[in-house]
Amino acid sequence: MTTMTEASVREFKMPDVGEGLTEAEILKWYVQPGDTVTDGQVVCEVETAKAAVELPIPYDGVVRDLHFPEGTTVDVGTAIISVDVGGGGAAPEPAAEQPAAAQPAAAPQAAPAEEAKAAGSGRQPVLVGYGVATSSTRRRPRKGPEVPVQQASTAIQTELNGHAPTAPEPAPAAAQSAPAGPDRPLAKPPVRKLAKDLGVDLTTVVPTGPDGIITREDVHAAVAAAVPAAPEPSVASAPAAAPAPASYDTARETRIPVKGVRKATAAAMVGSAFTAPHVTEFVTVDVTRTMKLVEELKADKEFADLRVNPLLLIAKALLVAIRRNPDVNASWDEAAQEIVVKHYVNLGIAAATPRGLIVPNIKDAHAKTLPQLAESLGELVSTARDGKTSPAAMQGGTVTITNVGVFGVDTGTPILNPGESAILAVGAIKPQPWVHKGKVKPRQVTTLALSFDHRLVDGELGSKVLADVAAILEQPKRLITWA
């Protein structure tokens, strides 16, 4: 007979936190068995093919079991945590082992996921989802300690932080080999992710942060300690070769798993490149007056506490160009064999994040004033840098801007974001000799590149859009006269 404790257990299933996603990886658990949770409390962070998302629990109760450890990829609809909603207190003790005679002779031991599905009765509610999937979960294998090296960790940390790390002081050998305590190691989610990428077991890392928290430097110190020393040459060997440059290391390559946002981005770009016939046009333009306007807007009280930069006026220029040439804001419906012209602009901004390139978009950007557009751009960039961009913010884009100029690059041939017909690349703005009023003078110059889907945007339409953007940036007063 079902006991009251068993009947009160609710299973929280992995929801579809995006649009049609089938799986997500558990990055971090914020609760443990025995913890009390309330409706709406965040219990874990998961990474989908689009973003990292925190999941709230829809129950009040006590955590009974976590069905999967961190680092496990789980199918949508699979139970990931059990909660006792009957107020039973701490997590129940394991049931006593029954005599062998009372057990079925050939009954195989149930897997943890199957036990979780069997607990409770009836269909359990989920936030959003498609029910239990038939495929099994899988966990990414960890790397052996011999693969990661200091050179690889430096490259990865440079990508995550935007700068190269300083070399940490090596910890004493006795401290590094000290066994881990019984408690779970303390580390922030970004540090756990770094350790996971480098194949470092946090239980073997000696913490140096406050209150025993493991830091990035501690992880890299553990990586450096795992690199084997080069063997001494024998006396009978041939003359020693010249030493390798200091920037080289003992390992010659590092493998980084392609997953999450990076995997989805790669698939989307390949699909876009081989589906939509890309055409790219270029124009070099004098943006000296635009740069002066940027400085004037920074001093304007209407833009107090707002982020004002050239990207703001470039975005506004593109929105005006789209209003003058609305057919460029469209998509290709292959199934219906139709061109779908959008009467709204969800402006995408390509952003490089620790999890890869993402393209969140500003909803209804065409209807925003310049201060409102500045506020939306600031929020978009800040959220992306913090890794908190939601899947909804990356859906429904109609046209995109990618600013390669921040890397000092002059221009490029950008690939269309899937489902969109145009993408504008903005190059570096720098002083160059320019003919101005009949004389060669130093002017602020940049190069713009517009890629478009030639199925629905022909050369004339694409050229008009690019020319309009260039004309506005050369004479920003056109933002008023063409409005």
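We number each residue from 1, following the sequence as shown.
Among residues at least two apart or in separate chains, side-chain hydrogen bond (donor to acceptor under 3.5 Å, both in side chains) pairs with a member in residues 397-409 are Asn329-Thr398, Thr400-Glu420. The stretch residues 453-463 participates, sequence neighbours left out, in these salt bridge (charged side-chain N to carboxylate O under 4.0 Å, His left out) pairs: Glu334-Arg455, Asp453-Arg455, Glu460-Lys464. Applying the salt bridge (charged side-chain N to carboxylate O under 4.0 Å, His left out) test to pairs two or more places apart or on separate chains, those with a residue in residues 428-445 are Asp286-Arg443, Asp410-Lys430.
What you find for Leu456 and Ile339 is that their closest heavy atoms are CB-CD1, 3.6 Å. Phe68 and Trp29 get closest at one heavy-atom pair: O-NE1, 2.8 Å.
A side-chain donor from one of Glu11 and Ser82 sits under 3.5 Å from a side-chain acceptor of the other. When only modelled atom types and interatomic distance are considered, Asp218 and Thr208 share a side-chain donor-acceptor pair under 3.5 Å.
In terms of the side-chain hydrogen bond (donor to acceptor under 3.5 Å, both in side chains) criterion, Gln32 has no residue partners (sequence neighbours excluded). In this view, Lys363 and Asn361 satisfy the side-chain hydrogen bond (donor to acceptor under 3.5 Å, both in side chains) rule, not counting sequence neighbours. Residues passing the side-chain hydrogen bond (donor to acceptor under 3.5 Å, both in side chains) test with Thr383, sequence neighbours excluded: none. With sequence neighbours excluded, no residue forms a side-chain hydrogen bond (donor to acceptor under 3.5 Å, both in side chains) with Thr413. Here Ser451 pairs with Thr280, Pro414, Ile423 under the side chain to side chain contact (heavy atoms under 4.5 Å, CB included) rule; sequence neighbours left out.
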Using atom types as modelled, flag every donor-acceptor pair under 3.5 Å from a side chain in residues 371-381 to any protein atom, sequence neighbours excluded.
residue, atom, partner, partner atom, Å
Gln372, OE1, Thr369, N, 2.9
Gln372, OE1, Thr369, OG1, 3.4
Ser376, OG, Gln372, O, 3.1

Distance-only criterion, 3.5 Å: show the donor-acceptor pairs between side-chain atoms of residues 465-475 and protein atoms not counting sequence neighbours.
residue, atom, partner, partner atom, Å
Asp468, OD2, Arg324, NE, 3.0
Asp468, OD2, Asn325, ND2, 3.0

Donor-acceptor pairs under 3.5 Å, side chain of residues 305-323 to any protein atom, not counting sequence neighbours: which ones?
residue, atom, partner, partner atom, Å
Asn309, OD1, Leu311, N, 3.2
Asn309, OD1, Leu312, N, 3.2
Lys316, NZ, Lys368, O, 3.1
Arg323, NH2, Trp482, O, 3.4

Per-pair distances, 0.1 Å, donor-acceptor, side chain in residues 341-350, under 3.5 Å, sequence neighbours excluded:
residue, atom, partner, partner atom, Å
Asn346, OD1, Asp364, N, 2.9
Asn346, ND2, Gly396, O, 2.8

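Judged by distance alone, with hydrogens and angles left aside, the side-chain atoms of Gln432 form no donor-acceptor pair with the main-chain N or O of Gln444 at under 3.5 Å.
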